[in-house]
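Contents: one structure, followed by commentary.
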Amino acid sequence: MKKKYKWTLFVTGLITLCPSLVGILLWNQLPDVIATHFGTDNVANGWSSKPFAVFGIPLILLGLQLFCFYMVSTDTKKKNINEKMMKKVLWIIPIISCVVCLSCYGIALGMAIDILMVVDIVVGIIFTVCGYVMHGIGQNDTVGIRVPWTLKSEENWNRTHKMASWIWIVAGVLMIIDGFVKTNWLLFVAVGMAALVPIVYSYWLYKKGI
């Protein structure tokens, strides 16, 4: 599996670090302190030093990318994780790195960027894509709806992920909509759906003996 995804991992790793290159090019224009966290009112409430914002955040995300890949590649049931899902998962962190870091640079340079709208839309797209490929994930110990009932029964796993696939797609669409209408309750509904409904459904199947 490591050889199979070696090129994808290399490319996504480079893209994860791209914000650092952009930060170097903009170094003299960026302020010494950069806003890196924002509240639900779209107002900055957390700041980082320029070196940490430019180098630290992308490096942390790269470490997370490598860790996730290591966990999946050492899964004893890794053959059950379909290739389409795996390749898309490897692109999640690079996309987040570029969108979030570059948005923070833009805001630091005085650009009018609605960071919450950007995040909602990007995360919504990620949820939608993951939902699209989720139904094809075989039973494993790393990726998917991993609760006691799905791990005990392959049929429970398959039914849960087939249903969760649609739930995540709907949740992703709701997140994208929330990016435009900015109603926090819609975001909470979307996250709640994606997190809770598949688990409740899996337990219901378990109680039915599946």
Side-chain angles (χ1 to χ4, degrees), residues 2 5-73 85-133 168 171-184 186-188 190-191 194:
K2 290 182 179 180
Y5 298 105
K6 187 176 181 180
W7 177 246
T8 302
L9 183 63
F10 175 72
V11 172
T12 54
L14 286 179
I15 293 175
T16 301
L17 294 176
C18 274
S20 292
L21 176 59
V22 176
I24 292 173
L25 296 174
L26 296 173
W27 188 266
N28 292 330
Q29 300 175 53
L30 292 171
D32 292 333
V33 177
I34 297 174
T36 52
H37 191 275
F38 300 80
T40 55
D41 54 359
N42 217 34
V43 175
N45 58 13
W47 290 264
S48 299
S49 66
K50 180 162 58 174
F52 182 79
V54 173
F55 301 109
I57 294 176
L59 283 173
I60 289 173
L61 290 173
L62 177 62
L64 181 60
Q65 169 87 329
L66 295 175
F67 174 75
C68 291
F69 179 74
Y70 171 77
M71 293 298 293
V72 174
S73 64
M85 177 66 174
M86 185 58 189
K87 286 187 174 180
K88 285 180 172 56
V89 166
L90 286 175
W91 281 98
I92 292 176
I93 291 177
I95 291 172
I96 291 175
S97 179
C98 289
V99 172
V100 173
C101 290
L102 296 182
S103 294
C104 288
Y105 294 168
I107 292 172
L109 294 174
M111 296 181 184
I113 297 176
D114 188 333
I115 188 70
L116 294 184
M117 178 180 181
V118 171
V119 171
D120 276 351
I121 293 174
V122 171
V123 174
I125 292 173
I126 290 173
F127 264 72
T128 303
V129 172
C130 286
Y132 176 72
V133 297
W168 275 51
V173 172
L174 290 178
M175 290 178 189
I176 294 172
I177 293 174
D178 184 70
F180 291 98
V181 300
K182 296 179 177 60
T183 59
N184 289 330
L186 193 58
L187 180 61
F188 290 133
V191 173

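We're numbering straight along the sequence, starting at 1.
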Taking all non-hydrogen atoms of both residues, which atom of [X] and which atom of [Y] are closest, and how far apart?
| X | Y | value |
| --- | --- | --- |
| Val54 | Pro58 | O-CG, 3.4 Å |
| Asp120 | Met175 | CB-O, 3.6 Å |
| Ser48 | Thr36 | OG-OG1, 2.9 Å |

Step-by-step side chain to side chain contact (heavy atoms under 4.5 Å, CB included) determination, Leu116 to Lys182: CA-CA 9 Å; Leu116 294 184; Lys182 296 179 177 60; over 6 Å; no
Using the test side-chain hydrogen bond (donor to acceptor under 3.5 Å, both in side chains), find all partners of Thr12 that sit at least two apart in sequence or belong to another chain. Gln65
Do any N or O atoms from the side chain of Ser49 and from the backbone of Val33 form a donor-acceptor pair under 3.5 angstrom? no
Within this structure, what is the [atom1]-[atom2] distance for the pair [X] and [Y], rounded to the nearest 0.5 Å?
| X | Y | atom1 | atom2 | value |
| --- | --- | --- | --- | --- |
| Ser103 | Ile115 | OG | CD1 | 4.0 Å |
| Leu90 | Ile15 | CG | CD1 | 11.5 Å |
| Leu9 | Tyr70 | CG | OH | 14.0 Å |
| Asp114 | Ile107 | CG | CD1 | 8.5 Å |
| Thr183 | Asp178 | OG1 | CG | 4.5 Å |

Suppose we screen for side chain to side chain contact (heavy atoms under 4.5 Å, CB included). Which residues come up paired with Val22, at least two apart in sequence or across chains? Leu26, Leu102, Tyr105
Does some side-chain heavy atom of [Y] sit less than 4.5 Å from a side-chain heavy atom of [X]?
| X | Y | answer |
| --- | --- | --- |
| Ile125 | Ile121 | yes |
| Cys104 | Phe38 | yes |
| Phe52 | Ile34 | no |
| Phe127 | Leu174 | no |

Considering residues at least two apart in sequence or located in another chain, which fulfil the ring-ring contact (aromatic ring centres under 6.0 Å, His included) criterion with Phe10? Trp7
Using ring-ring contact (aromatic ring centres under 6.0 Å, His included) as the criterion, list what pairs up with Trp27, not counting sequence neighbours. Phe55
Which pairs would a plain distance check flag for residues 93-101, meaning a side-chain donor or acceptor within less than 3.5 Å of a matching protein atom at least two apart in sequence or in another chain?
| from | atom 1 | to | atom 2 | distance (Å) |
| --- | --- | --- | --- | --- |
| Ser97 | OG | Thr16 | O | 2.7 |

According to salt bridge (charged side-chain N to carboxylate O under 4.0 Å, His left out), does anything in residues 45-62 pair up with another residue at least two apart or in another chain? List the pairs. Asp32-Lys50
Take Ile126 and Trp91 through the side chain to side chain contact (heavy atoms under 4.5 Å, CB included) test and state the conclusion after the steps. CA-CA 9 Å; Ile126 290 173; Trp91 281 98; over 6 Å; no
